[in-house]
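In listed order, ligands and their atoms are each counted from 1.
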Amino acid sequence: MYGVKKDWDLEPLPRVFALGDYEGAVPRWCPGCGDHAVLNALLRLTRDEQIPPEQTVVVSGIGCSSRLPHYMKTYGFHGLHGRPLPVACGVRARRPDLNIVVVTGDGDCCAIGTAHWIHAIRYNMKMVVLMLDNNIYGLTKMQSSPTTKKGQFSYTQPEGTVLSPINPISVTLAIQNASFVAQTVDWNPPHVYETVRAAHNHPGLAFVRVLQRCPHFLPGAWDPVQQNPESVLVMSHADGIPMDDTVKRVFKNTVEHDPADLAEAHDLATREDVIPIGLFYKNAAAERYDHFTATGLDMSAEQKVLGAQAAIDRFLV
Ligand SMILES: Cc1ncc(C[n+]2csc(CCOP(=O)(O)OP(=O)(O)O)c2C)c(N)n1
Ligand code: SF4
Ligand SMILES: [Mg+2]
């Protein structure tokens with residue numbers, strides 16, 4: 001027909017994503033807050049992996065750290081304090097095709113959310129869990145959290161925090177069926193990025209504790225560690241967190257640690273003379289509850305009705 005080009009290619013062009021395709025609202029965290037580093041790592045990872053923005057869902061609880069879903073132009077669920085993990089497990093149960101990231105704080109995960117933390121680790125449903133540990137309740141303005149250092153002033157314990165902190169890494173390692181446990185520090189972006197990437201590639205629940213600076217309420221808390229990189233012990237292994245030269249240049253104190261060795265992981269996690277970073281433990285073969293919940297998801301409506309009918313018929317007398 002006149003005027004219509006017959007050789008037009010009507011196939012849509014492949015989608016290519018740039019960082020801006022994943023960036024949401026402008027972050028409202030304080031300048032220098034470690035949460036920025038985690039957001040940047042997530043933005044880079046989704047861009048590098050070219051994950052369509054609508055294929056990612058970021059789930060959080062309540063806290064400064066839990067504001068992160070607002071800052072990504074993906075799906076997000078900024079939910080209830082301490083409850084991001086059951087929400088994420090629910091998403092995973094019905095939508096195993098999605099890339100699920102949980103962002104939680106030390107209060108959100110290790111105080112009000114403790115029961116969910118334990119059971120989510122055991123259920124081992126595929127997702128990345130980033131626990132941004134600033135050793136304080138930030139959003140509600142400086143109350144002691146379970147990871148607050150002993151003696152630290154806070155508005156709930158103004159005479160100094162009474163008890164010694166819990167160790168979220170050794171707690172997680174002790175939970176039956178833990179399958180990926182890592183630690184990183186917000187002030188080394190290449191290490192944060194590689195840790196988040198390894199967590200993303202893990203076939204199960206990957207728990208990452210990020211030691212995070214809160215310059216507003218705990219200014220200078222990590223200065224001694226930053227000024228003395230020898231106080232950080234990097235766990236290195238071919239099956240661990242890859243390290244580029246910039247990481248090796250900063251952190252010269254390294255130890256060879258096989259992440260399959262759970263006993264050694266426990267020993268490293270409880271060391272008090274150094275701050276270990278890297279991969280403590282990995283078991284890619286750990287059983288996964290989302291394999292169970294995925295059963296039947298591919299059934300048609302008719303198949304489901306027939307299946308339900310057959311199940312009821314078994315009890316007919
Ligand atoms: C059920 C419930 N209890 C208490 C609160 C108040 N609250 C909001 S955030 C928060 C603590 C946040 O600390 P953390 O999880 O460490 O996050 P951060 O702000 O340090 O990133 C508390 C106690 C709440 N919102 N809901
Ligand atoms: S109060 Fe602390 S944790 Fe919250 S945004 Fe500011 S620096 Fe970050
Ligand atoms: Mg906190």
CD (Gln303) with more than 12 external heavy atoms under 6.0 Å: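 Above 12, so yes.
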
Side-chain donor/acceptor of Tyr71 to backbone N/O of Arg28, under 3.5 Å: yes

Asn134 side-chain N/O to Cys214 backbone N/O, donor-acceptor pair under 3.5 Å: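 No; zero donor-acceptor contacts below 3.5 Å.
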
Members besides Leu211 in its Ile/Leu/Val/Met/Phe/Trp/Tyr cluster (side-chain heavy atoms under 4.5 Å): Val185, Trp187, Trp222, Val225, Val232, Val234, Met243, Val247, Val250, Phe251, Ile275, Ile277

Cation-pi check, Arg44 onto Tyr193 ring (under 6.0 Å, within 45° of axis):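 Yes, cation above the ring, under 6.0 Å and within 45°.
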
Check: Ser154/Gln157 side-chain N/O donor and acceptor closer than 3.5 Å: no

Pocket residues of ligand 1, ordered first by chain and then by residue number (heavy-atom cut-off under 4.0 Å):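 Contacting ligand 1 under 4.0 Å are Ile62, Gly63, Cys64, Ser65, His81, Gly105, Asp106, Gly107, Asp108, Ile112, Asn134, Ile136, Tyr137, Gly138, Leu139, Thr140.
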
Residue pair Lys282, Asp239: steps toward the salt bridge (Lys or Arg N to Asp or Glu O under 4.0 Å) verdict: CA-CA 9 Å; Lys282 182 166 106 173; Asp239 204 22; 3.3 Å; yes

Non-neighbouring partners of His36 that pass side chain to side chain donor-acceptor pair (under 3.5 Å), sequence neighbours left out: none

Per-ligand residue contacts, ligand 2, heavy-atom threshold under 4.0 Å: Trp29, Cys30, Cys33, Cys64, Asn134, Gln212, Cys214, Pro215, His216, Phe217

Of Arg213, Gln152, Lys149, the residue whose pairing with Asn135 passes side chain to side chain donor-acceptor pair (under 3.5 Å): Lys149

